Amino acid sequence: METATKKTLDEADLAQFTGSEQWFKHWLGPVYTEGVKHVADTAGAYWLIDSIVINQTRPKIKREEFQLWILTTDLEKHSATLRCEDGNGHVVYKERIPYTDFVLAELRLYFTDGTLLLPSEY
């Protein structure tokens, strides 16, 4: 009998990603980096990539050449907020996520030039 072990994710783990030699194509077109794929694989967060990419269809978001996406998780309540900022502190979009088992209190991702990446990969 196999037992599943949930992998953990932490800031030090993400800091190792400083560039990407391999890109992964989302089914809607944009690409994401090795660091983002690591987050999705390790934390089971492909839903986060989907949400960011799907929201690119919103005109207000699509207009922003540089986007800062911030996932803020309430680890005790297992809920979160996902917001998109323009890079200058102005919120362009905000969404409440009623349930998530995401393991970090906060995750920041950049979306620019059709690519989703970790800040350390920028």
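Model, not experiment: these values are computed from the prediction.
Listed by chain and number, the residues in a side chain to side chain contact (heavy atoms under 4.5 Å, CB included) with Asp10 are Ala12, Asp13 (sequence neighbours excluded). When the side-chain hydrogen bond (donor to acceptor under 3.5 Å, both in side chains) test is applied to Tyr93, the partners found at least two apart in sequence or on another chain are Glu95. In this structure Gln67 satisfies the side-chain hydrogen bond (donor to acceptor under 3.5 Å, both in side chains) test together with Gln56, Trp69, sequence neighbours excluded. The side chain to side chain contact (heavy atoms under 4.5 Å, CB included) search around Val53 returns His26, Leu28, Pro30, Ile49, not counting sequence neighbours. Applying the ring-ring contact (aromatic ring centres under 6.0 Å, His included) rule to Phe111 yields no partners; only residues at least two apart in sequence or on another chain are considered. Under the side chain to side chain contact (heavy atoms under 4.5 Å, CB included) criterion, Glu65 pairs with no residue, sequence neighbours left out. Applying the side chain to side chain contact (heavy atoms under 4.5 Å, CB included) test to Glu106 and every residue at least two apart in sequence or in another chain returns Ile70, Thr72, Arg108.
By the 30° and 60° cut-offs, the orientation of the rings of Phe17 relative to His38 is tilted.
Atoms CG and CG, from Leu118 and Leu107 in turn, are 7.0 Å apart once rounded to the nearest 0.5 Å. Atoms CD1 and CG, from Ile97 and Asp74 in turn, are 12.5 Å apart once rounded to the nearest 0.5 Å. The CG atom of Asp41 lies 11.0 Å from the CD atom of Glu34; values are rounded to the nearest 0.5 Å.
Across all non-hydrogen atoms, the minimal contact from Leu9 to Leu104 is O-CD2, 3.3 Å. When all heavy atoms are compared, the tightest approach of Pro119 to Leu109 is CD-CA, 4.3 Å.
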Table please: side-chain donor-acceptor pairs of residues 75-87 below 3.5 Å, with sequence neighbours left out.
{"from": "Arg83", "atom 1": "NE", "to": "Glu85", "atom 2": "OE2", "distance (Å)": "2.9"}
{"from": "Arg83", "atom 1": "NH2", "to": "Glu85", "atom 2": "OE2", "distance (Å)": "3.4"}
{"from": "Asp86", "atom 1": "OD1", "to": "Asn88", "atom 2": "N", "distance (Å)": "2.7"}
{"from": "Asp86", "atom 1": "OD1", "to": "Gly89", "atom 2": "N", "distance (Å)": "3.4"}
{"from": "Asp86", "atom 1": "OD1", "to": "His90", "atom 2": "N", "distance (Å)": "3.2"}
{"from": "Asp86", "atom 1": "OD2", "to": "His90", "atom 2": "ND1", "distance (Å)": "3.0"}

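When hydrophobic side chains of Ile, Leu, Val, Met, Phe, Trp and Tyr are connected at separations under 4.5 Å, Val31 ends up clustered with Trp23. In the hydrophobic clustering (ILVMFWY side chains linked at under 4.5 Å, chained through shared members), Tyr99 stands by itself.
Exactly one residue among Leu116, Leu71, Ile61 makes a side chain to side chain contact (heavy atoms under 4.5 Å, CB included) with Ile52. That residue is Leu116.
Listed for the Thr57 side chain is a donor-acceptor partner under 3.5 Å among the backbone atoms of Ile54.
For residues 109-122, the pairs satisfying side-chain hydrogen bond (donor to acceptor under 3.5 Å, both in side chains) are Thr33-Glu121, with sequence neighbours left out.
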